[in-house]
Novice: 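Okay, handing you the structure first.
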Amino acid sequence: SLASDSLNKQRKPQEEGRLARIFKDPSNKAWKDLTAPQKAYRTSANIGNFSIVIFGGGVFGLIIYALVTSIWKGEAHYGDEAFELLKANEECRYVFGDHMKALGEATHPLRRTHGILTSRVWDHHGVEHLVLQFHLIGNERKGHVFGRLVNVQGDYKWEYLFVDVANYGKIIIFDHTNSVRQQHKNFGLWGSLKNITWGN
Amino acid sequence: MASADHTRDPCPYVILNDFGAAFSMGTIGGAIWHSIKGWRNSPPGEKRISAIAAAKTRAPVLGGNFGVWGGLFSTFDCAVKGVRRKEDPWNAIIAGFFTGGALAVRGGWRATRNGAIGCACILAVFEGLGIALGRMNAEYNRPVAPVIPDAPASGSTSAAPAAV
């Protein structure tokens with residue numbers, strides 16, 4: 001407006017300090033016309049700006065990498081696969097009804113759910129496992145699904161998948177861990193313990 | 001079994017919840033933003049009254065804009081979940097695509113397309129950020145294998161020895 005124009009006219013360009021006169025590089029000057037301190041200033045400014053750009057690009061790349069690896073052979077991929085396995089299971093279809101949906105966890109029943117809950121854990125051998133859980137809602141019943149995969153040389157393999165159905169019990173889709181078999185091996189008649197060595 | 005009782009599809013109600021959350025976010029942020037802007041853009045002596053006036057006129061508008069975005073996004077999110085019947089990062093990305101498109105539809109075909117793609121990309125970055133943070137969190141909680149004092153841990157693959 002007019003008032004601000006008149007204010008601007010009265011203002012003189014500010015005197016620059018001594019340091020600025022030595023170091024500040026005029027942007028219209030070419031590299032060979034600069035003095036040594038100005039060259040140093042321009043170099044450091046360029047390095048600083050570039051490092052910010054590279055840092056931003058690195059963070060962006062990390063985010064995209066996380067998304068892509070999750071969808072393609074990661075958390076999201078195996079969450080979808082678990083749901084497909086449940087839908088293909090006869091008993092699940094009978095118990096839940098044909099109309100199933102997978103639902104993630106939320107902090108409150110009316111709040112937004114945040115996808116299938118997955119986490120990576122490492123056991124005491126240093127082996128990585130991918131643990132996932134979600135809710136399964138059918139038109140007949142509701143259930144809570146638990147699954148675990150093991151990382152075998154960069155490739156995830158299913159260990160177990162079961163669903164805890166409300167007012168029904170557990171449906172074990174599969175269990176490739178030998179925990180149950182191991183238990184049966186150790187129980188004798190009437191549940192007595194077998195194969196126990198009491199020291200040597 | 002009790003765990004399954006908490007299971008409930010939040011879907012129709014979560015739209016109202018998200019609309020309210022986005023509206024209040026926009027209103028509070030707009031009140032702060034526009035009161036500072038009104039303070040700076042007014043002459044001395046009128047600063048306080050114009051800051052309040054600017055916040056009163058513009059904060060509800062910004063809140064409304066945020067609310068429309070949030071409500072529309074949540075509506076599309078529920079629609080996508082209803083069709084796909086499962087939850088993964090694609091839900092948010094597809095819902096963001098439709099939201100961006102719907103908000104830009106009055107600007108013509110090109111604006112709709114650009115808005116849809118841009119909004120989908122932003123939501124993809126949000127989803128990726130969530131996954132990356134989750135993984136970092138898991139990495140922080142990675143257990144360190146304990147070192148047994150007497151026997152040398154020959155087969156152990158743990159990198160860092162635990163503090164005793």
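Here is the naming used below: chain letters follow the sequence lines, and residue numbers restart at 1 for every chain.
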Novice: For the atom pair CZ (B/Phe126) and CG (A/Leu67), what is the distance rounded to the nearest 0.5 Å?
Specialist: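 With rounding to 0.5 Å, CZ (B/Phe126) is 13.0 Å from CG (A/Leu67).
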Novice: Looking at B/Ile49, I want to see if its CD1 is surrounded by more than 12 non-hydrogen atoms of other residues, nucleotides or ligands under 6.0 Å.
Specialist: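 No, not enclosed.
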Novice: Are B/Trp90 and A/Tyr78 grouped together when hydrophobic residues (ILVMFWY) are joined by side-chain heavy atoms under 4.5 angstrom apart?
Specialist: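 No: no chain of side-chain contacts under 4.5 Å links B/Trp90 to A/Tyr78.
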Novice: Less than 4.5 Å to any heavy atom of chain A: does that hold for the side chain of B/Asp77, its backbone, both, or neither?
Specialist: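 It is the side chain, since no backbone atom gets that close.
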Novice: Do B/Phe66 and B/Leu103 share a hydrophobic cluster, counting only Ile, Leu, Val, Met, Phe, Trp and Tyr and linking them when any side-chain heavy atoms are less than 4.5 Å apart?
Specialist: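 No, it is not one cluster - the side chains of B/Phe66 and B/Leu103 are not joined through contacts under 4.5 Å.
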Novice: Kindly work out whether a path of hydrophobic side-chain contacts (I/L/V/M/F/W/Y, heavy atoms less than 4.5 Å apart) joins A/Leu132 to A/Leu85.
Specialist: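 A/Leu132 clusters together with A/Leu85.
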Novice: Give a yes or no answer on whether the side chain of B/Glu87 reaches the backbone of A/Leu103 with a donor-acceptor pair at less than 3.5 Å.
Specialist: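 Absent.
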Novice: Tell me whether B/Phe73 is reachable from B/Phe19 by hopping between hydrophobic residues (I, L, V, M, F, W, Y) whose side-chain heavy atoms are closer than 4.5 Å.
Specialist: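 No, separate clusters.
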Novice: Can you confirm whether more than 12 heavy atoms, excluding those of A/Trp31, are under 6.0 Å from its CH2 atom?
Specialist: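 More than 12 heavy atoms, drawn from other residues, nucleotides or ligands, come within 6.0 Å of this atom.
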Novice: Against chain B, label A/Thr118 side chain, backbone, both or neither, depending on which of its atoms sit under 4.5 Å from a heavy atom there.
Specialist: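 Neither part.
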Novice: Let me know if A/His77 has heavy atoms under 4.5 Å from chain B in its side chain, its backbone, both or neither.
Specialist: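 The answer is neither part of A/His77.
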Novice: Any side-chain heavy atom of A/Phe60 within less than 4.5 Å of one from B/Val125?
Specialist: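 Result yes, sub-4.5 Å side-chain heavy-atom pair found.
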Novice: Is A/Ile71 close to chain B through its backbone or its side chain, or both, or neither, when contacts mean heavy atoms under 4.5 Å?
Specialist: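 It is the side chain, since no backbone atom gets that close.
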Novice: Is the CH2 atom of B/Trp33 crowded by more than 12 outside heavy atoms at less than 6.0 Å?
Specialist: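 12 or below, so no.
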Novice: Side chain from CB out, backbone as N, CA, C, O: work out which of these in A/Ser70 comes under 4.5 Å of a heavy atom of chain B, or both, or neither.
Specialist: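 For A/Ser70, backbone and side chain are both near chain B.
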Novice: So which atom in A/Ala66 and which in B/Gly128 form the shortest heavy-atom distance, rounded to 0.1 Å?
Specialist: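 The pair with the smallest heavy-atom distance is CB-O, 3.9 Å.
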Novice: Are A/Arg120 and B/Arg135 close enough that some pair of their side-chain heavy atoms sits under 4.5 Å apart?
Specialist: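 Yes, side chains in contact.
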Novice: Report which part of A/Phe134 has an atom under 4.5 Å of a heavy atom belonging to chain B: side chain, backbone, both, or neither.
Specialist: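 For A/Phe134, there is no contact with chain B at all, as no heavy atom is under 4.5 Å.
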Novice: Tell me if the CG atom of B/Leu133 is crowded by more than 12 foreign heavy atoms within 6.0 Å.
Specialist: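 Yes, enclosed.
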Novice: How many angstroms lie between atom CG of B/Leu129 and atom CD1 of A/Ile64, to the nearest 0.5 angstrom?
Specialist: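 These two atoms lie 10.5 Å from each other.
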Novice: Does any heavy atom of chain A fall under 4.5 Å from the side chain of B/Ala124, the backbone, both, or neither of them?
Specialist: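 Contact with chain A: backbone and side chain both.
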Novice: Counting only heavy atoms from other residues, nucleotides and ligands, does the tally under 6.0 Å from CZ of B/Arg58 exceed 12?
Specialist: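 No, because the 6.0 Å sphere around CZ of B/Arg58 holds 12 heavy atoms or fewer from other groups.
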Novice: Of all the heavy-atom pairs spanning B/Lys86 and A/Phe83, show the shortest one and how long it is.
Specialist: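 Nearest pair, atom of B/Lys86 first, then A/Phe83: CB-CD2, 3.8 Å.
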Novice: Who among A/Val121, A/Thr69, A/Val59 has the most heavy-atom pairs with chain B under 4.5 Å?
Specialist: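 Top count of heavy-atom pairs under 4.5 Å with chain B: A/Thr69.
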Novice: Let me know if A/Gln133 has heavy atoms under 4.5 Å from chain B in its side chain, its backbone, both or neither.
Specialist: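 Neither part.
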Novice: Applying a strict under-4.5 Å side-chain criterion to I, L, V, M, F, W and Y, I'd like to know whether B/Ile131 and A/Tyr65 cluster together.
Specialist: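 No; A/Tyr65 is not reachable from B/Ile131 via cluster members.
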